[in-house]
Visitor: 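This is the structure I want to talk about, given as structure tokens.
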There are 2 protein chains.
Amino acid sequence: MHPPAPSDAIVRAWVRLERAHRAAQSTVEMRLKQANLPPLAWYDALLELERADPAGLRPFELQKEMLFAQYNLSRLVDRLEAAGHVLRSASEEDGRGQVLTITRSGRALRQRMWPVYAAAIEAAVGSHLSETDALTLGELLGRLYAKP
Amino acid sequence: MHPPAPSDAIVRAWVRLERAHRAAQSTVEMRLKQANLPPLAWYDALLELERADPAGLRPFELQKEMLFAQYNLSRLVDRLEAAGHVLRSASEEDGRGQVLTITRSGRALRQRMWPVYAAAIEAAVGSHLSETDALTLGELLGRLYAKP
DNA sequence: CTCATGTGTATGCATTTGCATTTATATACA
DNA sequence: TGTATATAAATGCAAATGCATACACATGAG
């Protein structure tokens with residue numbers, strides 16, 4: 001067959017990936033909003049930066065980690081910086097580049113977000129799966145974007 | 001524990017759900033765009049409407065099927081209607097409501113999209129999983145948004 | 001060294017999304 | 001029946017996203 005045709009099982013997995021993601025994501029975003037907290041993406045970025053501390057991360061590294069589009073990351077960082085959660089400074093090794101580091105306020109925000117986020121994950125995902133299921137699911141999903 | 005804490009496996013599954021979805025989705029959207037075709041959401045909507053033919057679907061039914069936000073669906077339908085792929089008509093049973101039906105042109109578009117979409121699904125998902133994996137993955141993901 | 005090409009990041013503009021609210025009809029119940 | 005509440009759908013406005021491009025610096029070839 002010329003255009004490689006995915007099997008029914010593959011199509012079903014893809015459709016459910018969309019649906020499951022939409023359902024879970026909307027639960028999580030809704031709960032964050034209800035708690036007057038910023039969106040999920042802020043948490044993800046802050047977490048990566050906290051892990052990378054104190055060296056910080058280059059925007060393109062963060063971008064690859066988060067699988068974000070370049071212009072989206074650039075603007076996400078704009079907002080984080082404007083809110084005082086991230087510091088942008090010029091890279092010393094690369095004249096084009098920057099280094100991002102998390103600020104004290106960024107750390108604090110991430111910590112405040114966690115309890116709400118955690119409860120949302122539990123509601124959206126945890127409550128539907130056994131421990132074994134979760135391991136299997138994580139493993140299979142990981143294959144969809146592994147680098148090799 | 002008061003704020004129900006998700007296990008590590010659950011958190012990992014959630015994070016990978018986000019990442020895998022982002023990766024797959026961007027592949028699919030990119031390929032559609034490269035082929036000068038409209039976004040994924042158009043396909044999904046057209047497919048549901050085609051399945052529901054000839055009775056059509058109420059917007060809120062389509063919305064639930066696709067797990068779309070109400071205002072997003074309303075505007076998606078605006079675009080589909082403006083492009084001539086969908087017909088909006090007043091519901092006879094419910095004075096508030098409408099009935100959506102797919103047009104000939106909508107059908108044709110869905111058909112033109114399928115080969116590109118299929119190849120994209122295969123690339124984004126199929127090429128990473130065995131048949132058995134796909135079945136398992138689909139099953140697990142289905143649990144995340146099942147109604148009961 | 002110089003030029004062609006590649007990489008890191010930002011940005012103007014159009015489109016889409018999110019939020020809050022509005023409008024209209026339906027339904028339940030006092 | 002009349003009124004409160006719920007449901008279907010649209011919409012104005014603000015924010016985020018996508019796209020194409022711009023700009024600055026890096027790197028490699030000759």
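Just so it is clear: chains get the letters A, B, ... in the order the sequence lines come, proteins before strands, and each one is counted from 1.
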Visitor: Within this structure, what is the CG-to-C1' distance between L40(A) and dG18(C), rounded to whole angstrom?
Guide: 15 Å
Visitor: Remember a base hit wins even if backbone is also touched, and classify D78(A) as base, sugar-phosphate or nothing at under 4.0 Å, heavy atoms.
Guide: nothing
Visitor: Under 4.0 Å between a side-chain N or O of S74(A) and OP1 or OP2 of dA10(C)?
Guide: yes
Visitor: Report, as a single string ordered 5' to 3', how protein heavy atoms within less than 4.0 Å touch nucleotides 15-24 of chain D: B base, S sugar-phosphate only, - not at all.
Guide: -SSBB----B
Visitor: Applying the side-chain contact (heavy atoms from CB on, under 4.5 Å) test to R19(A), which of L141(B), L144(B), D44(B) qualifies?
Guide: D44(B)
Visitor: Is it true that the side chains of D94(B) and S91(B) contain a donor and an acceptor less than 3.5 Å apart?
Guide: no
Visitor: Quick one: do the S89(B) and Q98(B) side chains pair a donor with an acceptor below 3.5 Å?
Guide: no
Visitor: Would you kindly give the CZ-to-C1' distance between F60(A) and dT9(C), to the nearest whole Å?
Guide: 11 Å
Visitor: Going by atom types alone, do H85(A) and T103(A) pair a side-chain donor with an acceptor below 3.5 Å?
Guide: no
Visitor: Relative to each other, are the rings of H21(A) and W14(B) parallel, tilted or perpendicular (30° and 60° limits)?
Guide: parallel
Visitor: Could you state the CD-P distance from E65(A) to dG8(C), rounded to the nearest angstrom?
Guide: 15 Å
Visitor: Output the rounded distance in Å from CG (L57(A)) to P (dG8(C)).
Guide: 14 Å
Visitor: Could you tell me whether the side chain of E92(B) reaches within less than 4.5 Å of the side chain of V99(B), counting heavy atoms only?
Guide: no
Visitor: Can you confirm whether D8(A) is buried at CG, in the sense that more than 12 heavy atoms of other residues, nucleotides or ligands lie under 6.0 Å from that atom?
Guide: no
Visitor: In whole angstrom, give the distance that lies between atom CD of E93(B) and atom C1' of dT27(C).
Guide: 16 Å
Visitor: Return the value, rounded to whole Å, for the distance between atom CG of D94(B) and atom C1' of dA9(D).
Guide: 10 Å
Visitor: Can you tell me the distance, in whole Å, between the CG atom of L62(B) and the C1' atom of dA8(D)?
Guide: 14 Å
Visitor: Please give, in whole Å, the distance from dA9(D) C1' to K64(B) NZ?
Guide: 13 Å
Visitor: Under 4.0 Å between a side-chain N/O of Q63(A) and OP1 or OP2 of dG8(C), yes or no?
Guide: no
Visitor: Counting only side-chain heavy atoms from C-beta out, which of dA10(D), dA26(D), dA9(D) sits nearest to R58(B)?
Guide: dA9(D)
